[in-house]
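It should be emphasised that the depicted structure is a prediction, and the values quoted were computed from it without experimental measurement. Count residues from 1 along the sequence.
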Amino acid sequence: MEHNFLVLSFIFLIPGMLVFVMRKDLREMMKILALCSIPFGFTEFLFYPSYWEPKFLWNLVNKIGFGIEDILFVIGLSAFCSTSYAVFNQKFLTKIQNNHLNPKLTLTMILISLLFFIFIVTKLNLHLIYGAPLFMLIVSLYIFWQRNDLFIVGILGSIYSIVVYSSLCYILLIIYPNFFDFTWHLDKFSNIKILKIPAEELLYAGTSGCIASIFYPFVFGHKYSNTANVYT
């Protein structure tokens with residue numbers, strides 16, 4: 001089980017790397033969302049060791065509160081979650097002419113909201129494994145309210161991401177058959193597994209897939225279409 005989280009992180013990078021190579025039109029979105037995902041990696045100290053206790057390179061989690069694995073993991077997660085809808089449905093991003101949002105201001109407001117939300121949920125003793133999906137769900141619902149054309153995108157993105165996430169977990173289980181039993185503290189949470197995967201992980205995957213699929217189109221003023229008439 002040595003460096004099991006590092007192995008998991010590299011496995012989660014594979015789908016995004018394949019998409020990055022095959023779909024040049026999605027690279028800009030992937031780069032931006034990779035940057036946006038990095039702050040989530042810094043929250044590991046809110047998960048470790050209460051939720052799980054994986055191995056970290058150089059024991060960084062006990063020194064600075066997160067590890068290199070966290071950064072790799074969230075980048076990989078954002079890559080396949082943000083592109084799953086476009087890949088599975090063969091859709092392309094096209095720019096909306098009348099986008100009234102200021103991307104920098106919107107990103108700043110969402111980051112501030114995230115920090116405030118984390119403060120609130122910790123004060124309420126709500127574990128972030130539930131708090132993070134709740135935050136992503138709230139933001140997703142707000143985006144749906146503003147852009148109803150992204151509703152189906154978010155729902156399908158959630159489903160696709162759960163499928164990809166689960167598939168990657170099964171690969172990990174081939175390498176470490178008892179990974180979830182030895183690394184997760186499932187007895188302190190729902191202690192429910194769905195097809196061998198903890199329910200909390202599927203909840204996190206689903207809400208991540210939803211928000212990631214609609215975040216870039218909403219903030220940067222794009223929609224999905226059947227033709228690549230903007231990017232080459």
Heavy-atom donor-acceptor pair, His185 side chain to Pro49 backbone, under 3.5 Å:
yes

Decide whether Leu124 and Phe116 are clustered together by the hydrophobic rule: side chain heavy atoms of Ile, Leu, Val, Met, Phe, Trp, Tyr closer than 4.5 Å, transitively.
yes

Can Leu35 be reached from Met109 by stepping across I, L, V, M, F, W or Y side chains whose heavy atoms are under 4.5 Å apart?
no

Give the intermediate values and the outcome of salt bridge (Lys or Arg N to Asp or Glu O under 4.0 Å) for residues Lys196 and Asp181.
CA-CA 10 Å; Lys196 298 184 179 182; Asp181 295 323; over 6 Å; no

Please check: side-chain N/O of Gln90 versus main-chain N/O of Asn226, any donor-acceptor pairing under 3.5 Å?
no

Taking atom types as modelled, is there a side-chain donor on Tyr160 or Asn89 under 3.5 Å from an acceptor on the other?
yes

For Phe56 and Tyr48, run ring-ring contact (aromatic ring centres under 6.0 Å, His included): C-alpha distance rounded to whole Å, both residues' side-chain angles, the deciding distance at 0.1 Å, then the answer.
CA-CA 11 Å; Phe56 285 84; Tyr48 179 95; 5.5 Å; yes

Treating Ser213 as the side-chain partner and Cys81 as the backbone partner, does any N or O pair qualify as donor plus acceptor under 3.5 Å?
yes

Do Val61 and Asn59 have side chains that approach each other closer than 4.5 Å (heavy atoms only, starting at C-beta)?
yes

Using ring centroids (six-membered ring only for Trp), state whether Phe45 and Phe66 fall under 6.0 Å.
no

Roughly how far apart are Asn178 CG and Asn4 CG, rounded to 0.5 Å?
12.0 Å

Exercise: do Trp184 and Glu201 side chains pair donor with acceptor under 3.5 Å
yes

d(Ser78 OG, Ile32 CD1) to nearest 0.5 Å is 11.5 Å

Just so I know, are the side chains of Glu200 and Tyr51 near enough to count as touching, which here means a heavy-atom distance under 4.5 Å?
yes

Not counting sequence neighbours, list each pair that qualifies as a ring pair (Phe, Tyr, Trp, His ring centres under 6.0 Å) and has a residue in residues 10-37.
Phe12-Phe73, Phe12-Phe80, Phe12-Tyr165

Shared hydrophobic cluster for Trp145 and Ile152 (ILVMFWY, side-chain gaps under 4.5 Å)
yes

Carefully, step by step, assess Tyr204 and Met136 under the rule side-chain contact (heavy atoms from CB on, under 4.5 Å).
CA-CA 9 Å; Tyr204 192 88; Met136 291 187 283; 4.2 Å; yes

Contact summary for Ala86 and Tyr224, nearest pair of heavy atoms:
CB-CE2, 3.9 Å

Within the structure provided, determine whether Phe144 and Asn148 are in side-chain contact (heavy-atom separation under 4.5 Å).
no

Distance alone, cut at 3.5 Å: any donor-acceptor contact between the side chains of Thr94 and His222?
no

Considering all heavy atoms, the nearest Ala79-Met30 contact
CB-CE, 3.7 Å

Contact between Leu8 and Pro54 at the side-chain level, heavy atoms closer than 4.5 Å - yes or no?
no

Using a cut-off of 6.0 Å, state whether more than 12 heavy atoms not belonging to Lys193 lie near its atom NZ.
yes

Member of Ile192, Leu195, Ile194, Thr207 meeting the side-chain contact (heavy atoms from CB on, under 4.5 Å) criterion with Leu202:
Ile194

Using atom types as modelled and distance alone, determine if a side-chain donor or acceptor of Lys31 lies under 3.5 Å from a backbone N or O of Leu26.
no

Side chains of Ile175 and Ile11 in contact at under 4.5 Å (non-hydrogen atoms)
yes

Tell me whether Asp25 is salt-bridged to Lys91, with the criterion being a basic N under 4.0 Å from an acidic carboxylate O.
no

Do Leu33 and Tyr142 land in one hydrophobic cluster if side-chain heavy atoms of ILVMFWY residues count as linked below 4.5 Å?
yes

Rounded at 0.5 Å granularity, tell me how far CG in Leu57 sits from OG in Ser9.
9.0 Å

I need the Ser140 OG to Ile155 CD1 distance, nearest 0.5 Å.
8.5 Å

Closest contact, heavy atoms only, Ala34 versus Ser37
O-OG, 2.7 Å

Trace of the side-chain contact (heavy atoms from CB on, under 4.5 Å) decision for Val163 with Phe88
CA-CA 11 Å; Val163 172; Phe88 282 101; 5.7 Å; no

Can you check whether Ser190 reaches Tyr130 side chain to side chain, under 4.5 Å on heavy atoms?
yes

So that I know where these two stand, are Phe180 and Trp52 an aromatic pair - ring centroids less than 6.0 Å apart?
no

What distance do Phe218 atom CZ and Ile143 atom CD1 have between them, rounded to the nearest 0.5 Å?
5.5 Å

State whether Phe92 and Arg23 meet the cation-pi test: NZ (Lys) or CZ (Arg) under 6.0 Å from the six-membered ring centroid, and within 45° of the perpendicular axis.
yes

Is the closest side-chain heavy-atom distance between Ile214 and Arg147 below 4.5 Å?
no

List the atom of Ile197, the atom of Cys169, and the distance in Å for their closest heavy-atom pair.
CD1-CB, 3.9 Å

Is the number of heavy atoms from other residues, nucleotides or ligands within 6.0 Å of CG (Leu105) greater than 12?
yes

Stepwise, does the side-chain contact (heavy atoms from CB on, under 4.5 Å) test hold for Leu114 with Ile118?
CA-CA 6 Å; Leu114 172 62; Ile118 291 175; 4.0 Å; yes

Nearest 0.5 Å, please: how far is OG1 in Thr106 from NZ in Lys104?
12.5 Å

Using 30° and 60° as the class limits, which term best fits the ring planes of Phe47 and His127: parallel, tilted or perpendicular?
perpendicular

State, to 0.1 Å, how close Pro217 and Leu93 come at their nearest heavy-atom pair, and which atoms those are.
CG-CD2, 4.1 Å

Common cluster, Leu141/Val153, ILVMFWY with side-chain heavy-atom separation under 4.5 Å:
yes

Does the pair Tyr216 and Glu28 meet the rule for a side-chain contact (heavy atoms from CB on, under 4.5 Å), with working shown?
CA-CA 10 Å; Tyr216 181 86; Glu28 184 65 22; 3.9 Å; yes

Determine whether a donor-acceptor pair (N or O, by modelled atom type, separation under 3.5 Å) exists between the side chain of Ser158 and the backbone of Gly154.
no

Quick check: closest heavy atoms across Gly41 and Val74, and the distance to 0.1 Å?
N-CG1, 3.9 Å

Is Asp70 close to Phe42 at the side-chain level, that is, under 4.5 Å between some pair of heavy atoms?
no

